[in-house]
Amino acid sequence: MGLDIEKARKQQESLSDKALLDVYGDLPLELIHFLKNDVLNYCLQEYKTGIKLEHPARIVNSWLAQDVIKIQEGDKGKIRRYNRLENIWLNIVFEARKFGIPIDTLKDARKTLLESSIKDFSLFKLEVIKTLLAMPQILYIPIEGSAKLYSFEAYMEWFPKGKFPVHAIFKLEDYIALEYPNNALSSDFKIHNPLEDKNKMLLLYFLKTGDYQHLKFHLKEGDIRFIETSQSLLQNEEVMQSITNWDFQKIDIAINDELETSIKL
């Protein structure tokens, strides 16, 4: 019996890997390049924080021991040990437990969504990025069966037709917002065809999340605009127009005391 279970598990993992490769292979090339971007990976996967004050450490440590959340081996014992993706997932887990979703279901969901044989890629990372690029995604967790991610449009089309069994849903935007208090997730920056340019996608990441200390927009020679918050950005008409028109010399982005980057035209 034990051998049969192990064989079934390996077959399931093989099917999951194939499905993952199929998703990855269908992505636009520029989006694949963006997902491998060093700056993006620093922001989402390398930069670490502690848990939020409202998240009891005893409960988080229990979930950590049960593989509902995970950290890297080298981060064990550290306070700042959770990356952005894990923290967004943790926000979802807290809400899911309020609905009574079992620990084993969440453990399986994490394995499906956040683990991958492809470097710098996971389904969860992809759908977080899609949400930031104005393609909102829904996490669907049924009472029985596997967790899946759907576009908001697809879910709203299929749900009235009775396509789904009893389930819980989680709008990724809500849990991303908890991770980025300076966010502008509801704002439309009207950047034309962002999926065709990894620099446009990178700028949208920072504009939507507010994940920066400050931005310096070099609009033209001698005209530099200093932005510290999403609110000040949205109120600056000249800067907003330069973003929409994709018309500036460069943008310096101070992410934190450790890292800066620039986007140049």
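Quick note: numbers below take in every heavy atom, side chains included, and nothing from hydrogens, waters or symmetry partners. The first residue in the sequence is number 1, and the count goes up from there.
- Nearest heavy atom pair, residue A96 against residue L106, reads CB-CD2, 3.7 Å.
- Residues L40 and Q45 fail the side-chain proximity criterion, which asks for heavy atoms closer than 4.5 Å.
- Looking at heavy atoms from C-beta onward, L114 lies in side-chain contact with E86 at the 4.5 angstrom threshold.
- Under the 3.5 Å distance criterion, with hydrogens and angles disregarded, no donor-acceptor pair is assigned to the side chains of Q241 and D247.
- The two residues T112 and L123 make their nearest non-hydrogen contact at O-CD1, 3.8 Å.
- Counting only N and O atoms by type, the side chains of E258 and Y42 include a donor and acceptor under 3.5 Å apart.
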- Should K208 and Y180 be marked as a side-chain contact (heavy atoms from CB on, under 4.5 Å) after you check the CA-CA gap, both sets of side-chain angles, and the distance that decides it? CA-CA 9 Å; K208 287 282 191 172; Y180 297 100; over 6 Å; no
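- More than 12 heavy atoms of other residues, nucleotides or ligands shown are found within 6.0 angstrom of CD on E54.
- Between the side chains of N91 and K52, at least one donor N or O lies within less than 3.5 Å of an accepting N or O.
- Just one of H218, K264, H214 meets the side chain to side chain donor-acceptor pair (under 3.5 Å) condition when paired with D252; it is H218.
- Between D257 and Q213 there is a side-chain heavy-atom pair separated by less than 4.5 Å.
- I243 and L265 fall within a single hydrophobic cluster, where Ile, Leu, Val, Met, Phe, Trp and Tyr side chains are chained together by heavy-atom contacts under 4.5 Å.
- Using modelled atom types and a 3.5 Å distance limit, the side chains of K125 and N41 yield a donor-acceptor pair.
- At a threshold of 4.5 Å between non-hydrogen side-chain atoms, the residues Q72 and E46 do not count as touching.
- Heavy-atom contacts from other residues, nucleotides or ligands closer than 6.0 Å to CG of N182 number more than 12.
- Taking CD1 from I129 and CG from L35, the interatomic distance works out to 6.5 Å, rounded to the nearest 0.5 Å.
- More than 12 heavy atoms of other shown residues, nucleotides or ligands fall within 6.0 angstrom of atom NZ in K48.
- Inter-residue side-chain proximity for I255 and I253 is flagged as met; some heavy-atom pair is nearer than 4.5 Å.
- Hydrophobic clustering (side-chain heavy atoms under 4.5 Å, transitive across Ile, Leu, Val, Met, Phe, Trp, Tyr) groups F99 together with L90.
- Side-chain contact check for L149 versus F170: every heavy-atom pair is 4.5 Å or farther apart.
- Note on F248: it does not cluster hydrophobically with I224, by side-chain heavy-atom contacts below 4.5 Å among ILVMFWY residues.
- Relative ring orientation between W89 and F124 is described as perpendicular, the plane-to-plane angle rising above 60° on a 0-90° scale split at 30° and 60°.
- Heavy atoms from other residues, nucleotides or ligands lying under 6.0 Å from CE of M135 number more than 12.
- Under a hydrophobic-cluster definition in which Ile, Leu, Val, Met, Phe, Trp and Tyr are linked whenever side-chain heavy atoms come within less than 4.5 Å, directly or via other members, V93 and I59 are assigned to the same cluster.
- In the displayed structure, I79 atom CD1 is contacted under 6.0 Å by at most 12 heavy atoms of other residues, nucleotides or ligands.
- One hydrophobic cluster holds both L21 and V23 under the rule that ILVMFWY side chains link at heavy-atom gaps under 4.5 Å.
- Summarising the geometry of L31 relative to L27, their closest heavy-atom pair is CD2-CD2, 4.0 Å, with the distance given to 0.1 Å.
- One finds the OG1 atom of T209 at 9.5 Å from the CD1 atom of I176 (value rounded to the nearest 0.5 Å).
- Aromatic ring orientation, Y155 versus F159: parallel (interplanar angle below 30°, classes split at 30° and 60°).
- Nearest heavy-atom pair across Y205 and C43 is OH-CB, 3.4 Å.
- One distance of note links CG of N83 with NZ of K70; it measures 13.0 Å at 0.5 Å rounding.
- Of all non-hydrogen atoms in Y212 and E228, the two that sit nearest each other are CE1-O, 3.7 Å.
- Salt bridge annotation for E127-K148: absent, with no cationic side-chain nitrogen under 4.0 angstrom from a carboxylate oxygen.
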- Message: Let's go through K107 and Q66 carefully: what are the C-alpha distance in whole Å and the side-chain angles of both, what is the deciding distance for side-chain contact (heavy atoms from CB on, under 4.5 Å) to 0.1 Å, and is it a yes or a no?
- Response: CA-CA 8 Å; K107 177 181 175 179; Q66 297 174 84; 5.8 Å; no
- Would you please test R97 and W63 for side-chain contact (heavy atoms from CB on, under 4.5 Å) and show each step? CA-CA 11 Å; R97 291 296 290 152; W63 292 342; 3.5 Å; yes
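- Between the N256 side chain and the L259 main chain, a donor and an acceptor come within less than 3.5 Å of each other.
- Here the CG atom belonging to N37 is positioned 14.0 Å from the CD1 atom belonging to I32, to the nearest 0.5 angstrom.
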- Task: Applying side-chain contact (heavy atoms from CB on, under 4.5 Å), run through L132 and L204 and close with a yes or a no.
- Result: CA-CA 7 Å; L132 294 176; L204 268 175; over 6 Å; no
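- Note: W158 and Y150 have perpendicular aromatic rings, judged against thresholds of 30 and 60 degrees for the angle between ring planes.
- The environment of CD in Q231 is sparse: at most 12 heavy-atom neighbours from other residues, nucleotides or ligands sit within 6.0 Å.
- W246 CH2 to N199 CG: the interatomic distance, rounded to the nearest 0.5 Å, is 6.0 Å.
- Distance OH/Y175 to CD/E95: 4.0 Å, rounded to 0.5 Å.
- Contact of the R110 side chain with the D67 side chain is not registered, since no non-hydrogen atoms from C-beta on lie closer than 4.5 Å.
- Environment of CD in E115: crowded, with over 12 heavy atoms of neighbouring residues, nucleotides or ligands closer than 6.0 Å.
- The ring pair (Phe, Tyr, Trp, His ring centres under 6.0 Å) check on F121 picks up Y24, with sequence neighbours excluded.
- Between A147 and A109, the shortest heavy-atom contact is CB-CB, 3.7 Å.
- For CG of L53, the number of neighbouring non-hydrogen atoms (other residues, nucleotides, ligands) closer than 6.0 Å is 12 at most.
- Side-chain contact between L64 and R81 is present, with heavy atoms from C-beta onward closer than 4.5 Å.
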